[in-house]
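Okay, structure first, notes after.
Side-chain atoms are counted along with the backbone in the values below, which use heavy atoms only and exclude waters and symmetry mates. To find a chain, count down the sequence lines: A is the first, B the second, and so on, and within it residues start at 1.
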2 protein chains.
Amino acid sequence: MRDFAVEAGGGALRPTVSDAISLGPGLALQGTRMHFGRNAEIFGEGEQAEYLYRVVSGAVRTIRFSSDGRRQILAFHLPGDVFGLEPGAKHTLSAEAIGEAEVSMVRRSLIDAAANEDVAAARALLTLMQRELLATQEHALVLGRKGAGERVAAFLLKLADRVTSSCEIDLPMSRADIADYLALTIETVSRAFTQMERDKAIALPSSRHVIVRDRCALELLEAA
Amino acid sequence: MRDFAVEAGGGALRPTVSDAISLGPGLALQGTRMHFGRNAEIFGEGEQAEYLYRVVSGAVRTIRFSSDGRRQILAFHLPGDVFGLEPGAKHTLSAEAIGEAEVSMVRRSLIDAAANEDVAAARALLTLMQRELLATQEHALVLGRKGAGERVAAFLLKLADRVTSSCEIDLPMSRADIADYLALTIETVSRAFTQMERDKAIALPSSRHVIVRDRCALELLEAA
DNA sequence: CGCTCGATTGAGCCGCGTCAAAGTGCGTGG
DNA sequence: CCACGCACTTTGACGCGGCTCAATCGAGCG
């Protein structure tokens, strides 16, 4: 149940996530698998957007820098997630592997060709885009309207829904990543975790391993 | 130079904004014009998404409510802007006229039909979507990383770029709207305005009328 | 064993939210 | 035309939450 981030090299046991990117029910484009090391840049802001990406294993963050030089993480991408979709020619943000990660890449020329012939494919791209828009809107709402504890609670709940049906989460990212995603400081994130542990809402066997003890308490916290 | 929001009924002098929605160079769909009164709901969250909209005159806000019941304004739409684009069946947010507003509406069935035959139209929709995604990401960054004064400065600068090339802005929205957009309180927004006036960065002949006196000072403030 | 990086904990300060009270502009009705 | 009321804006006082600075702790690794 641990370690969806490692095991580089072997292609044997990967039940759910293949190398293909699905563009609607009838079409899936085969991609090239590539490996990225810890903190390796997958693509950078301003570069030509040559590929569409999909996480096979590990986790990926997309980032941008604000004018004062601080890092803002826009999203985390887990196995199965598609990222790097940009209709324009250039990337408007950067993407980095968080730990060791395997990523499947499909050339944009192939995507474009598929979208040009197949209307369903074009629609699939639009849907992909909308999912990202919705997530970003939701995130903006969290940043604007919630306090520190509520942000962390919301983050954990969303992650728990995404990563597993069980109540155990292996965080692929550091406190610094969480802080830069939630627009908080490391210290505040850390304090929020300890507080939630004190309230018996979660357990923290190690700093990267979270057990959701009382989901309702978290949901209550999130709503605050 | 004032009053792009009023003059209901007459269709005479409207140089820049027509009733049509452009979907690429070769295609523009004619819409039906409709009038909405101050604070009137154009569509609500959860309703069927039957139309694509375009602001002809006036201004429109799109809103959502956070779990604690507070209003969050996701975007302001000015004359020429398209809004209400949602690939899904239902609207995921609400839209309201801020003042008196004229809006051009095109049935989604027409949009879909156009996207199905014309690849360029589908691409135009994708581009429209991306523009919104970029704006939302930028906004999330502002909410997360900037202080009150910087948010208001950034807001004014973006508005100034959008509404006119001159340095005079007629705010279509109230302080409460600005506050709910920037995730601040009315009081804090008001204080930011007065502070900027004190610093000679802007002048405030009336609360809705802003003159940008020193654009550099604003840009400096925004970067802070 | 000791170094290093990440996480935790504490003390103090500052910005923004809250509550409260004037002040301002505008439409309505006398 | 003036008086009134209402909605919006501005200004002030005060408290709290999260940032800053700083020290300690813990785990992985050479």
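- For D/dT10, the OP1/OP2 oxygens have a side-chain nitrogen or oxygen of B/S190 closer than 4.0 Å.
- Residue A/R151 is classed as having no contact, given no heavy-atom separation below 4.0 Å to the nucleic acid.
- Aromatic ring centroids of B/Y51 and B/F43 lie 6.0 Å or more apart.
- Cation-pi geometry between B/R71 and B/Y181 is not satisfied (NZ or CZ under 6.0 Å from the ring centre, within 45° of the ring normal).
- Checking the phosphate oxygens (OP1, OP2) of D/dT10, no side-chain nitrogen or oxygen of B/T194 falls inside 4.0 Å.
- As rounded to whole Å, 13 Å separates atom P of D/dG18 from atom CG of A/L143.
- Under 3.5 Å, the side chain of A/R175 and the base of C/dT9 form no donor-acceptor pair of N or O atoms.
- Among the nucleotides C/dC19, D/dA7, D/dT9, the one closest to the side chain of B/R208 is D/dT9.
- Here D/dC21 is the nucleotide among D/dC19, C/dG17, D/dC21 with the atom lying nearest to any side-chain atom of A/E187.
- Between B/Q195 atom CD and D/dT11 atom P the separation is 10 Å, expressed in whole Å.
- Residue contacts for B/R198: at a heavy-atom cut-off of 4.0 Å it reaches no nucleic acid atom on any strand shown.
- For A/T188, a side-chain nitrogen or oxygen approaches OP1 or OP2 of D/dC19 to under 4.0 Å.
- Side chains of B/E86 and B/T92: a donor on one and an acceptor on the other come within 3.5 Å.
- Between A/D214 and A/K200 there is no salt bridge, since none of the side-chain N atoms of the basic residue sits less than 4.0 Å from a carboxylate O of the acidic one.
- Remark: C1' of D/dC19 and CD of B/E150 are 14 Å apart, rounded to the nearest angstrom.
- One interatomic measurement links the two molecules: NE2 of B/H209 to P of C/dT24, which rounds to 20 Å at whole-angstrom precision.
- The side chain of B/S174 has D/dC8 as its nearest neighbour among C/dA7, C/dT18, D/dC8.
- Environment of CZ in A/R108: crowded, with over 12 heavy atoms of neighbouring residues, nucleotides or ligands closer than 6.0 Å.
- When rounded to the nearest whole Å, the span between CG of A/L184 and C1' of C/dA7 equals 16 Å.
- Distance CG (B/L221) to P (C/dG15): 13 Å, rounded to an integer number of Å.
- Side-chain N/O atoms of A/R191 and base N/O atoms of D/dG17 include no donor-acceptor pair closer than 3.5 Å.
- Residue A/A183 is classed as a sugar-phosphate contact, given heavy-atom separations below 4.0 Å to backbone atoms only.
- Atom P of nucleotide D/dC8 and atom CZ of B/F193 are separated by 16 Å, given to the nearest angstrom.
- Residue B/S207 has no polar side-chain atom (N or O) positioned under 4.0 Å from OP1 or OP2 of C/dT24.
- Contacts of B/I186 with the nucleic acid, taken as non-hydrogen atoms under 4.0 Å apart, are absent.
- Counting to the nearest Å, the C1' atom of D/dC19 and the CG atom of A/D68 are 13 Å from each other.
- Taking the side chain of A/R38 as heavy atoms from C-beta on, and the options C/dG6, C/dC19, C/dT8, the nearest nucleotide is C/dG6.
- With rounding to the nearest 0.5 angstrom, the CG atom of B/L218 is 4.5 Å from the CE atom of B/M196.
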